[in-house]
Colleague: 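My structure is below; once you've seen it, I'll send some questions.
Counting from 1, the numbers follow the sequence of the chain as shown.
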Amino acid sequence: MSFTPNLLSLKNFLGSSPKKAPAGLFKVTVVAFEDNCSLNCGLRFAELLKRSNLFDVTFFNEPFSKNFLNLQSRNFFDFIDRSNKILASTQADIVIWGYEEDGKIRLNFQVDNQYVIPNNLSFSLFDSLFIPLNYLTDINNFSESLLLLIYGVIVAAVTPVTNEQKQRRPQILNDIISLLSADKSPKDISKEFMPYIMNMLGKIYLSNTRDDLSVQDIKIIQNLFESALNSKQYMRLPIYYGCIYNNLGQLFETAFHQNKHNSAFYLKSAIANYQTAQKNLNRNYPYDYGLIAYHLALLYFEYWKYKADLQALRDAVAQLREAEKVYSFVQFPLSWCHIEELLGNYLTALGMQTQSNELMQLAIEAYKNRQKIFTQKTNPTVWANVQEKIGNIFYLLGKQNNDDQLMEEARNYFNSALEIYTELEMKADIKNVNRALLKIRNYLG
């Protein structure tokens, strides 16, 4: 499906004839809208999406309480968990919720593993798109450009799984961006909807360019997000513009990793925007708060490496501790395990910088936490790697405190790792551990 705006109209694209796109490229579940009226808006919206062969659409209307769809109720665990169950039962790539607020329909989009880490670019569940309620009273009068935007949001939010999705997604997003950019038709939508629209445009553009972000792309996407913030007086809740600051943080974090010339500027900008996002998406919104804390921790650690700023290293540890409160062992075992590994790394660095035995012991505890999941029996190589890291901490403590007993402890940990590496014939790892054991022998004499 490749075309230019001059060759294909919005209407033709929205129809997506079978010749242009395979049927059901993305599986979408629309949940019955809780709009307190008898307009059947959810069903109408599902019918609207079914017009495109890009989507295989399911309308989900099983009876259950949807009171938690009011974002001010703060039952976010219900929101996430309910959607995860619907995603699983309908085998969808994305679930779309709708809720009526003050004569508008608020759309929210949820995908599988939306808040799992490690995490790159993601949609917050609160990245909302508001549309006029009257657009769904007669779907034949639905704004074509707004519908195209919704198509783009769906495609941008989904993490491609099938080879066909991976291959076609970039071209689909390119075509949507091109058509939206070329659309000069009069818009009948009022200004109060614009910040949400501009935010979603930025999300689509960022999702499309994330792997090859040029300086020009950065400027365009930054302008879209900042244009949304310039109209934030139309946003009812701080979480909505918190999401935009979060998206700016994602933009500059991606720019920092890809653009070497302005890396310091992008790093500082990413931190500043995530900080503002975290103030608005605070602990009352735990998933977003924890995910932002995770990203801030990574960036603070980078800032410490860049500037040798010890406070930045302390901030990195503090933000990981905040993320750890959200990503619990019970609910997010693999995410929790990833955080424990980072804590081990960061606490070791901080302990060395401050010559703190206590911090080094905390690093050991964090590493040992990983072994609650990666056991010697189920994941011997990961288990052995943790043993090696703990051995290294005991070695550093032994040198720092001139303590032979700590050196012996280090040797025990290195030897336990060596046994696994030898059994699995991991030559490079065997060499590294033997080198560490030699240093201990030389120290002990």
Colleague: Tabulate below the donor-acceptor pairs under 3.5 Å that side-chain atoms of residues 310-319 make, not counting sequence neighbours, or state none.
Modeller:
| unit_1 | atom_1 | unit_2 | atom_2 | d |
| --- | --- | --- | --- | --- |
| Q311 | NE2 | D315 | OD1 | 2.9 |
| Q319 | OE1 | Q278 | NE2 | 3.1 |

Colleague: Can you confirm whether the side chains of S214 and Q216 place a donor and an acceptor under 3.5 Å from each other?
Modeller: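 Distance-only check fails for S214 and Q216.
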Colleague: The test is side-chain hydrogen bond (donor to acceptor under 3.5 Å, both in side chains); show your working for R283 and Y289 and say whether it passes.
Modeller: CA-CA 6 Å; R283 290 181 180 86; Y289 179 84; 3.2 Å; yes
Colleague: Show every salt bridge (Lys or Arg N to Asp or Glu O under 4.0 Å) that has at least one partner inside residues 358-378, sequence neighbours left out.
Modeller: E341-R370
Colleague: With salt bridge (Lys or Arg N to Asp or Glu O under 4.0 Å) as the rule and sequence neighbours excluded, what pairs involving residues 210-223 come up?
Modeller: none
Colleague: Can you tell whether the side chains of K104 and E101 come within less than 4.0 Å, N to carboxylate O?
Modeller: no
Colleague: Verify the neighbour count for atom CD of Q233: are there more than 12 heavy atoms of other residues, nucleotides or ligands below 6.0 Å?
Modeller: yes
Colleague: Using distance alone, with no hydrogens and no angle criterion, decide if E388 and N432 have a side-chain donor and acceptor under 3.5 Å apart.
Modeller: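 No, N432 and E388 have no side-chain donor paired with an acceptor closer than 3.5 Å.
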Colleague: Show me the pairs that pass salt bridge (Lys or Arg N to Asp or Glu O under 4.0 Å) and involve residues 131-142, at least two apart or across chains.
Modeller: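 Counting only pairs at least two positions apart or across chains, no salt bridge (Lys or Arg N to Asp or Glu O under 4.0 Å) contact touches residues 131-142.
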Colleague: Taking only distance into account, with no hydrogens and no angle test, what donor-acceptor pairs under 3.5 Å do side-chain atoms of residues 345-352 form with protein atoms, sequence neighbours excluded?
Modeller:
| unit_1 | atom_1 | unit_2 | atom_2 | d |
| --- | --- | --- | --- | --- |
| N345 | OD1 | Y367 | OH | 2.5 |
| T348 | OG1 | G344 | O | 2.6 |

Colleague: Compute whether any side-chain donor of one residue and acceptor of the other, for Q400 and N357, lie under 3.5 angstrom apart.
Modeller: yes
Colleague: Under a 3.5 Å threshold, yes or no: a donor from one side chain and an acceptor from the other, between Q114 and Y287?
Modeller: no
Colleague: Taking only residues at least two apart or on different chains, which pairs with a member in residues 117-132 satisfy salt bridge (Lys or Arg N to Asp or Glu O under 4.0 Å)?
Modeller: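 Sorted result for residues 117-132: D127-K203.
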